[in-house]
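Residue numbers run from 1 in the order of the sequence given.
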Amino acid sequence: MNSKKNSVINSTFDFKYLSKPSPHGLAGPDANSIGRASKEIKTIFRRGMLKCTPQRLAVLDILQKSMKHLSINEVYRGVKKILPRTGLATIYRALEALEKLGLVVRVHLEDSCQSYAVAPSGHQHPIVCLECNRVVDFAKCPIEDISRGLSRETGFMIQQHFLQLFGRCRECRAL
């Protein structure tokens, strides 16, 4: 995700309407005023030919307020506190839409689960701890040089890549 889109998320999405914290430590929007997304966020949705729904805004906000990657169930519990009639299938669809727009990134965890976070600024890749599922993003990308060489060798014009590393974090190694 480019840094301009990230700054739009961080600085112009109208998070002032968000007030109700959930018992799970997740903050969520006030259901009465959830429709007030910034013009920039609405533009991102419009360009992606997707509706800017209250459920998508609630998912985006919960991820924005979290200091870590969240599982689908954690996002679901947070949205249910604000929009109680929201189903789990809606959360899956909202996350898929937000990922398509480049607003959210998905991380594959070792146990075949997935977690989500607001897309970081710039080009980054995750490192996942195999013990605690902690995720750290890193910006150094060794794939760029490999991609250029593979493009020359194969004739493919490589447009994107996915790199994710697994290991044990410092805290888990200390145990």
Side-chain angles (χ1 to χ4, degrees), residues 1-48 50-111 113-129 131-139 164 169 171-172:
M1 175 166 146
N2 66 36
S3 59
K4 182 178 180 187
K5 192 181 286 183
N6 192 56
S7 66
V8 166
I9 295 168
N10 291 330
S11 65
T12 60
F13 186 54
D14 185 7
F15 291 117
K16 294 178 196 128
Y17 66 84
L18 309 167
S19 58
K20 293 183 182 177
S22 84
H24 304 290
L26 304 173
D30 179 325
N32 296 323
S33 57
I34 196 164
R36 286 188 277 159
S38 71
K39 288 180 184 178
E40 289 83 358
I41 290 292
K42 288 179 181 177
T43 299
I44 291 169
F45 275 93
R46 223 180 354 265
R47 284 185 186 147
L50 293 170
K51 291 182 181 178
C52 189
T53 67
Q55 294 82 4
R56 290 174 179 165
L57 292 174
V59 168
L60 183 60
D61 180 67
I62 286 166
L63 291 171
Q64 175 72 26
K65 289 190 172 228
S66 174
M67 298 308 289
K68 63 181 189 122
H69 286 72
L70 299 177
S71 70
I72 289 172
N73 285 330
E74 289 172 316
V75 173
Y76 176 63
R77 285 191 302 264
V79 172
K80 286 290 277 186
K81 296 292 179 191
I82 303 352
L83 302 171
R85 297 177 63 187
T86 303
L88 185 57
T90 300
I91 301 303
Y92 275 96
R93 288 190 302 271
L95 287 166
E96 184 179 303
L98 293 169
E99 188 177 14
K100 177 184 173 187
L101 294 173
L103 297 172
V104 168
V105 292
R106 176 181 7 180
V107 174
H108 303 275
L109 303 177
E110 196 246 343
D111 57 1
C113 292
Q114 299 170 357
S115 68
Y116 294 84
V118 170
S121 168
H123 183 78
Q124 296 193 19
H125 298 284
I127 303 175
V128 180
C129 179
E131 299 290 323
C132 68
N133 283 332
R134 178 176 171 223
V135 179
V136 174
D137 293 313
F138 67 96
Q164 183 171 312
C169 69
E171 291 80 10
C172 290

Could you tell me whether the side chain of [Y] reaches within less than 4.5 Å of the side chain of [X], counting heavy atoms only?
{"X": "P126", "Y": "D137", "result": "yes"}
{"X": "R56", "Y": "K51", "result": "yes"}
{"X": "S71", "Y": "C113", "result": "no"}

What pair of heavy atoms forms the shortest contact from [X] to [Y], and how long is it?
{"X": "S115", "Y": "V135", "value": "OG-CG2, 4.4 Å"}
{"X": "C172", "Y": "E131", "value": "SG-CB, 3.4 Å"}
{"X": "Q164", "Y": "V128", "value": "NE2-CG2, 3.5 Å"}

Return a table of donor-acceptor pairs under 3.5 angstrom between the side chains of residues 83-97 and protein atoms on other chains or two or more places apart.
residue, atom, partner, partner atom, Å
T86, OG1, L83, O, 2.9
T90, OG1, R93, NH2, 3.3

List the residues meeting side chain to side chain donor-acceptor pair (under 3.5 Å) with [X], not counting sequence neighbours, and say none if there are none.
{"X": "E99", "value": "R106"}
{"X": "H69", "value": "none"}
{"X": "K68", "value": "E74"}

* Spatial distance of atom SG (C132) from atom CZ (R134) [nearest 0.5 Å] ->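 Rounded to the nearest 0.5 Å, the SG-CZ separation comes to 7.0 Å.
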* Check side-chain contact (heavy atoms from CB on, under 4.5 Å) between K100 and all other residues, then give those that pass, not counting sequence neighbours. => L50
* To do: Test side-chain contact (heavy atoms from CB on, under 4.5 Å) on I62 and I82 and set out the steps.
  => CA-CA 10 Å; I62 286 166; I82 303 352; 5.5 Å; no
